[in-house]
Protein chains: 2
Amino acid sequence: MSQSRFTPETTRLDDAARAGWLYYVAGNTQDEIAKKLGVSRQSAQRLVSLAVSEKLVKVRLDHPIARCMDLSGALSERFGLRVIEVVPSDPSVPELLTGIAIAAAAVLEKTLKSPDEKIIALGTGRALRACVEQLPRMDCPQHRIVSRLGNMMSDGSATPYNAVIRMAERVGARHYPYPLPVVARDEEELRVMHGQEAVRHTMELCTRADLTLVGVGQIGLNAPLRVDGFMTAEEMEALMAEGAAGEITSWVYDADGRVMDCAFNRRVASAPLPVPGSGPVVGLAVGKDKAGAIRAALRGRLINGLITDEATAERLLKQ
Amino acid sequence: MSQSRFTPETTRLDDAARAGWLYYVAGNTQDEIAKKLGVSRQSAQRLVSLAVSEKLVKVRLDHPIARCMDLSGALSERFGLRVIEVVPSDPSVPELLTGIAIAAAAVLEKTLKSPDEKIIALGTGRALRACVEQLPRMDCPQHRIVSRLGNMMSDGSATPYNAVIRMAERVGARHYPYPLPVVARDEEELRVMHGQEAVRHTMELCTRADLTLVGVGQIGLNAPLRVDGFMTAEEMEALMAEGAAGEITSWVYDADGRVMDCAFNRRVASAPLPVPGSGPVVGLAVGKDKAGAIRAALRGRLINGLITDEATAERLLKQ
DNA sequence: CACAATCGCGAGCATTTGCCCATAGCCTGA
DNA sequence: TCAGGCTATGGGCAAATGCTCGCGATTGTG
């Protein structure tokens, strides 16, 4: 029962959780919390804000906002979607990920709560990462989380937006990282990589996934592929000239959502995109720059589900 | 697409949801929200607080607080529980229901997310009511929600703490209210009531419930049975003298958790308490006054699950 | 049509909160 | 052991928030 012999970090988060509870659930003022926990007012404030910044406090909004419902209905009808969520936008922060992250976490949670074994396949990226942060801690040893693409640069260093490991540790599921770089140096190297037993097994799991969640990347000078260093500016410009519209787990596709036959794609090591009609494949994306990429992916049935925000949804429907 | 032709209430809640979203999810200040929604700062404040008071904003805390974990472990071991949740207490508001309500809603949600048909049986009371308020809106036509007891006074007026109807409309499930008063006037009337086909069907559903959630009432002058007018002060005093320790769905039991053979129980119209070993039967209760009632119920295996708070958990273990 | 009751709004003010800063305690490494 | 740096603490202050009050509009009623 001695709970003070833990690491300071544990105790500190514990206190933060307690402070957050007293603040958000019990509705205390920070002064009252300070008295109850025996610390100064300022420390209580710090604990509460720590609870928020450590994402211990999860807020969700439970009301079907009419405008969002309208938009999701329209999108669903236009593109024949199996999963659709439209969350409110903040006009002044159009790229805010929190909203779609919460919505996507709810979708994941639904699958995770199933008692039957499920396979969940994930892409990478900022949106996926934010989504995983919104998941509650759970204990789901029956499920498997599998990555659809590598999380290494070509030099072996790790990319920062790894979602699978984080998710697996959070929900207590087995996980299958994808032990490859994102792009191979050449086709020969790729052949060798794909020959590995572990890689083949992981790719096979991806094809059987019960839920696939991927980010949608735009093409352009601010594209994730470019910013995160998987592609030089020249390569990007060449792709733009060839009519590339977007990218999902590094597979570059054109405005009709067809995966392009280009030099870059021939080096992409990610699992092949799922065929339409298997499980739900849900894209996760917001932002003005992404509308084109999302529309193309929907048109080509590369994804059959979408989680986005009002502003992006409107942009998708306009035209 | 004209969303302005709804009732003012709908629009108002819509705005409230939007304001709440901008405040809690996007992290805007109320000034910014006011500008974005085109209202005054004060109106924005009102919208945010409306979103809170209408329970559109749900906060949950996702951290295993060590002390609570210790207590739940100890309770679980001591009483052999199938479900156990201990939430933090606010020492200055020992009867605060929000905490256990959130925890209980999470338990319900887990069952509701099942794709298979489930039967959920509920008691009544303030705690149950608070719990249902914490449920998100869902669409679960596959499940059935059934009441274990009536929600009428003997004169036919409704009691205020009806959980079943509220829950069913919130989660979109079929529901089976219990069309009887809580206590019959005499044994003869009870026999007639229990002869009704609908009542027998509802009671039969209760015995097959996959999850039963009930409040635990104490015995005494502040007891719910007494305060809500189901029992006169004299009857209550008589029961106390006979050694009554608590009450679940109006069935009064003694300190060993045995349902008593007394005049009152012979008039109780509620479904018989579930036999141990069927589904999980979860009790929901906090408060100094309730510790005795809870302990007796646990001892007699009237419940095999418990959702309570730290302070009450400590009291249960002490002794 | 006039009147009364009710409701929502915004001004003003007290409280609460977030944050910066000076300081004190603590760890680290020589 | 001590110097140097690092982190946590609480004071103080500006910003944000919650609340009350009076006003004007709207709705219902005689």
Side-chain angles (χ1 to χ4, degrees), chain A residues 3-61 63 65-66 88 90-93 96 98, chain B residues 2-61 63 65-66 88 90-93 96 98 133:
Chain A
Q3 70 263 26
S4 43
R5 286 292 155 266
F6 292 150
T7 75
E9 255 337 274
T10 308
T11 303
R12 187 162 175 75
L13 281 183
D14 232 67
D15 286 345
R18 195 170 284 274
W21 193 93
L22 288 168
Y23 191 71
Y24 287 104
V25 179
N28 284 271
T29 124
Q30 299 184 351
D31 258 320
E32 295 169 315
I33 296 172
K35 283 194 198 85
K36 285 170 192 174
L37 298 186
V39 296
S40 70
R41 210 264 302 164
Q42 290 87 336
S43 300
Q45 198 274 334
R46 277 178 199 119
L47 287 173
V48 172
S49 89
L50 181 69
V52 174
S53 66
E54 290 293 320
K55 306 241 170 37
L56 304 181
V57 176
K58 305 270 168 73
V59 179
R60 63 178 169 171
L61 229 122
H63 183 79
I65 298 185
D90 181 344
S92 66
V93 195
L96 185 75
T98 323
Chain B
S2 78
Q3 71 263 27
S4 42
R5 285 293 155 265
F6 292 149
T7 75
E9 255 337 277
T10 308
T11 303
R12 190 166 172 72
L13 282 182
D14 232 65
D15 286 345
R18 195 171 285 273
W21 192 92
L22 288 168
Y23 191 73
Y24 287 104
V25 179
N28 284 271
T29 117
Q30 299 185 349
D31 258 323
E32 295 169 314
I33 297 171
K35 283 195 199 83
K36 285 170 192 174
L37 298 187
V39 297
S40 71
R41 211 264 301 164
Q42 289 89 333
S43 299
Q45 198 275 332
R46 277 180 199 118
L47 286 174
V48 172
S49 89
L50 181 68
V52 174
S53 66
E54 289 292 320
K55 304 240 169 43
L56 303 181
V57 176
K58 307 269 168 72
V59 179
R60 59 179 173 173
L61 230 122
H63 183 79
I65 298 184
D90 181 344
S92 65
V93 194
L96 185 75
T98 324
E133 297 293 336

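Per chain, numbering begins at 1; letters A, B, ... match sequence-line order.
Inter-residue side-chain proximity for A:Leu56 and A:Trp21 is flagged as unmet; no heavy-atom pair is nearer than 4.5 Å. Looking only at side-chain heavy atoms (C-beta outward), B:Val48 and B:Gln45 stay at 4.5 Å or farther from each other. Side-chain contact between B:Leu47 and B:Arg18 is absent, with no heavy-atom pair separated by less than 4.5 Å.
Remark: A:Gln30 is not in phosphate contact with C:dT16, judged by side-chain N or O atoms under 4.0 Å from OP1 or OP2. OP1 or OP2 of D:dT17 lies within a sub-4.0 Å distance of a side-chain N or O belonging to B:Tyr23. A close approach under 4.0 Å does occur between a side-chain nitrogen or oxygen of B:Thr29 and OP1 or OP2 of D:dT17.
Nucleotide C:dG8 holds its C1' atom 14 Å from the CG atom of B:Asp15, rounded to whole Å. In this structure, B:Leu22 atom CG and D:dA16 atom P are separated by 16 Å, rounded to whole Å. Between B:Asn28 atom CG and C:dT17 atom P there is a gap of 19 Å when expressed in whole angstrom units. Atom CD of B:Gln45 is separated from atom C1' of C:dG12 by 14 Å (rounded to the nearest Å). Note: CG (A:Asp31) to C1' (D:dG11) measures 14 Å, nearest angstrom. Going from atom CG of B:Leu37 over to atom P of C:dG10 covers 13 Å, rounded to whole Å. The distance from atom CG of A:Leu47 to atom P of C:dT17 is 14 Å, rounded to the nearest whole Å. B:Gln42 has its CD atom 10 Å from the C1' atom of D:dC19, to the nearest Å.
A:Asp14 contributes a side-chain N or O that, together with a main-chain N or O of B:Ala66, makes up a donor-acceptor pair within less than 3.5 Å. Checking side-chain atoms of B:Asn28 against main-chain N and O of B:Ile33 turns up no donor-acceptor pair under 3.5 Å.
One donor-acceptor pair, N or O on each side, does fall under 3.5 Å between the base of D:dG10 and the side chain of A:Arg46. No hydrogens or angles were tested; on distance alone, a donor-acceptor pair under 3.5 Å links the side chain of A:Arg41 to the base of C:dG18.
The nucleotide whose nearest atom lies closest to any side-chain atom of A:Ser43 is, among C:dG10, D:dG10, D:dT17, D:dG10.
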